[in-house]
Amino acid sequence: MSYEAYLDEASRLIKGNGNWSGITAESVARMRLQNRFRTGLDIARYTASIMRRDMAAYDKDPGKYTQSLGCWHGFIAQQKVISLKKHFGSTERRYLYLSGWMVAALRSEFGPLPDQSMHEKTSVPALVEELYTFLRQADARELATLFREIDKARSAGDTVREQQLTQAVNNHQTHVIPIIADIDAGFGNAEATYLLAKKMIEAGACALQIENQVSDEKQCGHQDGKVTVPHEEFVAKIRACRYAFLELGVDDGIIVARTDSLGAGLTKQIAFSASEGDIGDQYNSFLDCEDVTDQKPSNGDVLITRGSRVLRPKRLRSNLYQFREGTGADRCVLDCINAIRNGADLLWIETEKPHVEQIAGMMDRIRDVIPDAKLVYNNSPSFNWTLNFRQQIFDAWQKDGKDVSGFDRARLMSEEYDGSELAREADERIRTFQRDASKRAGIFHHLITLPTYHTAALSTDNLAKEYFGDQGMLGYVANVQRKEIRQGIACVKHQNMAGSDIGDDHKDYFAGEAALKAGGEHNTMNQFAA
């Protein structure tokens with residue numbers, strides 16, 4: 001609805017209630033415009049439609065991939081989206097990512113925890129809600145500025161300016177963008193997954209990322225000791241997420257099925273198989289087994305048959321079963337095909353390094369079966385990007401017969417190589433990685449899971465070094481505030497960012513001339529007006 005339509009609607013409502021003294025249609029219209037999304041479900045439906053549109057656009061043009069950064073606090077998400085609008089004039093094809101790792105490390109009441117699903121499951125939907133609370137507040141703040149400018153133009157009799165500003169209100173682009181939210185391995189069985197999915201969707205999540213690890217053995221995707229589950233168990237959780245979306249009326253909800261099989265060498269269960277070649281049999285075919293066809297079973301043996309053979313899967317003292325070495329890629333391909341055939345919309349393959357051809361090798365096989373299969377890919381801080389890509393260039397040069405005698409492959413991270421041709425070529429490969437991988441390897445969405453965790457640590461380290469050292473207060477002024485002012489960082493006016501001006505507007509609405517407002521001439525934030 002337009003500003004004018006909201007005004008008309010509010011005027012009719014107020015006229016029908018004669019005892020609403022002091023309630024003005026314009027104030028109501030402005031407050032409604034500042035609160036476009038009444039519930040998290042409104043957000044989930046709106047953002048799901050954005051993702052569906054972006055997925056269709058990517059299918060036509062792989063150059064139209066999407067991106068996100070992981071955010072561990074609502075303020076971080078808010079500043080990210082404000083920055084997108086400031087620098088690019090649009091939030092198009094930019095999302096948020098909610099990382100289970102960062103919830104565990106930063107948002108658990110237990111304190112910092114490893115990424116093993118030990119944090120409270122309620123902290124995940126709580127963070128989804130927090131992220132959108134801050135984004136909605138950014139909408140309210142930006143619109144409030146336009147409303148105050150409209151009032152100034154009206155007071156000055158500048159009707160042309162007033163119309164321009166009204167049009168800006170009508171064309172306002174919301175800060176609310178899609179979020180891909182990490183539900184880990186579902187925090188329990190399929191019912192637990194369904195209950196948590198509902199809470200996350202009700203908070204505003206339009207896309208849920210779920211992985212095929214065992215819930216009670218869950219590990220960070222870049223650590224050792226990962227244990228996968230048979231396909232039927234994982235499919236039950238995919239269905240649980242879909243039922244949650246459908247129950248809540250988010251018919252376009254997105255499910256991202258993540259496989260950790262590339263780095264997971266263990267399973268907790270032998271899959272049930274009813275017939276040779278079914279999905280359970282295919283899962284079991286990757287088990288590391290000994291042929292005991294002609295042997296007498298030992299006490300406690302677990303045996304399976306394959307054709308006429310009797311096999312003993314290798315079982316650890318932990319009661320886990322081993323997969324054969326070198327089967328990870330094959331298992332990933334099977335995981336992905338089965339997930340999409342059972343209701344997943346997007347795929348996620350967790351790899352141990354960022355290598356376009358490694359990813360493409362698996363995606364080519366998946367797309368032979370499902371041509372429009374698309375990946376969400378973790379551009380992870382767990383990768384040493386500099387070392388990985390310098391080694392990739394080193395290996396390519398060596399293969400092509402180029403002289404690499406001046407480089408120590410194991411030490412390519414060293415600063416001594418920073419100015420070299422090899423380092424420059426590696427950096428260019430890093431710069432174009434997302435574009436190249438989206439074109440070659442079917443990656444629809446690129447995300448960095450933990451970037452704002454690392455930027456917070458880095459900026460705090462730099463500030464502490466300067467402020468507590470010889471620079472004193474200049475360490476803050478030169479390296480923080482002066483840069484905020486000159487780069488136009490909105491939160492330099494931190495009172496405004498926290499909602500002080502919106503509060504003053506409300507005081508005007510509620511109390512009129514009796515309002516005691518914070519934004520008068522003695523407010524020190526006025527020092528930043530220029």
Side-chain angles (χ1 to χ4, degrees), residues 99-101 103-104 108 110 113-121 123-124 181-197 200 208-241 244 255-273 279-289 302 304 313-325 327-336 338-339 342-344 347-352 378 382 449:
S99 161
W101 192 101
V103 174
S108 171
F110 293 103
L113 293 171
D115 183 20
Q116 296 172 351
S117 291
M118 294 191 292
H119 54 283
E120 317 87 324
K121 65 170 68 177
S123 59
V124 184
D182 186 357
I183 196 172
D184 276 14
F187 287 83
N189 61 13
E191 176 69 7
T193 302
Y194 155 77
L195 293 171
L196 179 55
M200 293 171 70
L208 302 178
Q209 168 224 324
I210 186 163
E211 60 205 56
N212 68 337
Q213 289 193 48
V214 176
S215 290
D216 59 347
E217 301 282 357
K218 183 258 186 305
Q219 289 279 14
C220 171
H222 292 284
Q223 292 187 308
D224 206 354
K226 294 184 291 295
V227 183
T228 63
V229 297
H231 294 93
E232 286 190 355
E233 182 175 330
F234 188 51
V235 165
K237 292 185 177 183
I238 291 174
R239 290 196 193 109
C241 292
I255 298 171
V256 182
R258 171 176 142 182
T259 173
D260 283 280
S261 289
L262 198 63
L266 302 169
T267 183
K268 198 166 189 176
Q269 297 169 261
I270 295 174
F272 173 79
S273 173
I279 194 66
D281 187 50
Q282 291 180 66
Y283 186 80
N284 294 339
S285 72
F286 296 113
L287 291 170
D288 192 358
C289 299
V302 174
I304 61 174
K314 290 185 180 176
R315 185 165 52 157
L316 307 180
R317 287 298 299 269
S318 59
N319 207 32
L320 300 173
Y321 298 92
Q322 274 185 196
F323 289 114
R324 296 194 314 278
E325 287 283 340
T327 62
D330 292 339
R331 286 184 280 126
C332 279
V333 170
L334 180 61
D335 293 344
C336 290
N338 192 66
N342 285 278
L347 302 170
W348 174 320
I349 298 175
E350 195 78 331
T351 67
E352 81 288 358
N378 178 7
S382 294
T449 43

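Under a 3.5 Å cut-off, the side chain of K226 and the backbone N or O of S261 do not form any donor-acceptor pair. Side chain of N284 to backbone of I270: no donor-acceptor contact under 3.5 angstrom is found.
Scanning for salt bridge (charged side-chain N to carboxylate O under 4.0 Å, His left out) contacts around K121 gives an empty result, with sequence neighbours left out. With sequence neighbours excluded, the residues that form a side chain to side chain contact (heavy atoms under 4.5 Å, CB included) with A244 are Y194, A197, K198, I201. For S108, the side chain to side chain donor-acceptor pair (under 3.5 Å) criterion is met by E120, not counting sequence neighbours. Applying the side chain to side chain donor-acceptor pair (under 3.5 Å) criterion to S285, with sequence neighbours excluded, gives no partner residue. Here D288 pairs with K314 under the salt bridge (charged side-chain N to carboxylate O under 4.0 Å, His left out) rule; sequence neighbours left out. Qualifying ring pair (Phe, Tyr, Trp, His ring centres under 6.0 Å) partners for Y321, counting only residues two or more places apart in sequence or in other chains: none. F234 pairs by the ring pair (Phe, Tyr, Trp, His ring centres under 6.0 Å) definition with nothing, not counting sequence neighbours. Qualifying side chain to side chain donor-acceptor pair (under 3.5 Å) partners for S123, counting only residues two or more places apart in sequence or in other chains: none. V333 pairs by the side chain to side chain contact (heavy atoms under 4.5 Å, CB included) definition with I337, M362, R365, I366, not counting sequence neighbours. Every residue two or more places apart in sequence or in another chain that forms a side chain to side chain contact (heavy atoms under 4.5 Å, CB included) with N338 is listed here: H231, V235, I279, N342. Taking R315 as the reference, N319 meet the side chain to side chain donor-acceptor pair (under 3.5 Å) condition, with sequence neighbours excluded.
The shortest non-hydrogen separation linking V229 to E233 is CG1-OE2, 3.5 Å. Contact record, G100 with D182: N-OD2, 3.0 Å, taken as the closest heavy-atom pair. Residues G328 and L262 come closest through the heavy atom pair C-CD1, 3.8 Å. A pairwise comparison of heavy atoms in A339 and A257 identifies CB-CB, 3.6 Å as the closest pair. Between G343 and I255 the shortest heavy-atom distance is O-CD1, 4.3 Å. Closest of all the heavy-atom pairs between M200 and A181 is CE-CB, 3.5 Å.
Side-chain contact of N212 with T228: a donor-acceptor pair under 3.5 Å is absent, judged by distance alone. For the 3.5 Å distance criterion, the side chains of S273 and Y283 fail to qualify, holding no donor opposite an acceptor. For the 3.5 Å distance criterion, the side chains of K268 and S318 fail to qualify, holding no donor opposite an acceptor.
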* **Audit row: D330, F286, side-chain contact (heavy atoms from CB on, under 4.5 Å) steps and yes/no** => CA-CA 9 Å; D330 292 339; F286 296 113; 3.8 Å; yes
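The CZ atom of R258 sits 12.0 Å away from atom SG of C336, with the distance rounded to the nearest 0.5 Å. We find the CD-CG distance between Q269 and L320 to be 10.5 Å, quoted to the nearest 0.5 Å. Note: D335 CG to I349 CD1 = 8.5 Å, rounded to the nearest 0.5 Å. Separation of atoms CD (E232) and NZ (K237) is listed at 14.0 Å; rounding is to 0.5 Å. Between the CH2 atom of W101 and the CG atom of N378 there is a distance of 12.0 Å, given to the nearest 0.5 Å. A distance of 7.0 Å separates OG1 of T267 from CG of L287, quoted to the nearest 0.5 Å.
A heavy-atom distance below 4.5 Å is not found between the side chains of D260 and V227.
Environment of CD in Q282: crowded, with over 12 heavy atoms of neighbouring residues, nucleotides or ligands closer than 6.0 Å.
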Extract all donor-acceptor atom pairs below 3.5 Å that involve side chains of residues 186-193 and protein atoms in other chains or at least two apart in sequence.
| residue | atom | partner | partner atom | Å |
| --- | --- | --- | --- | --- |
| N189 | OD1 | E191 | N | 3.2 |
| N189 | OD1 | A192 | N | 2.9 |
| T193 | OG1 | G186 | O | 3.4 |
| T193 | OG1 | N189 | O | 3.0 |

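For R331 and F323, the positive end sits near the middle of the six-membered ring, less than 6.0 Å away and at most 45° from its axis.
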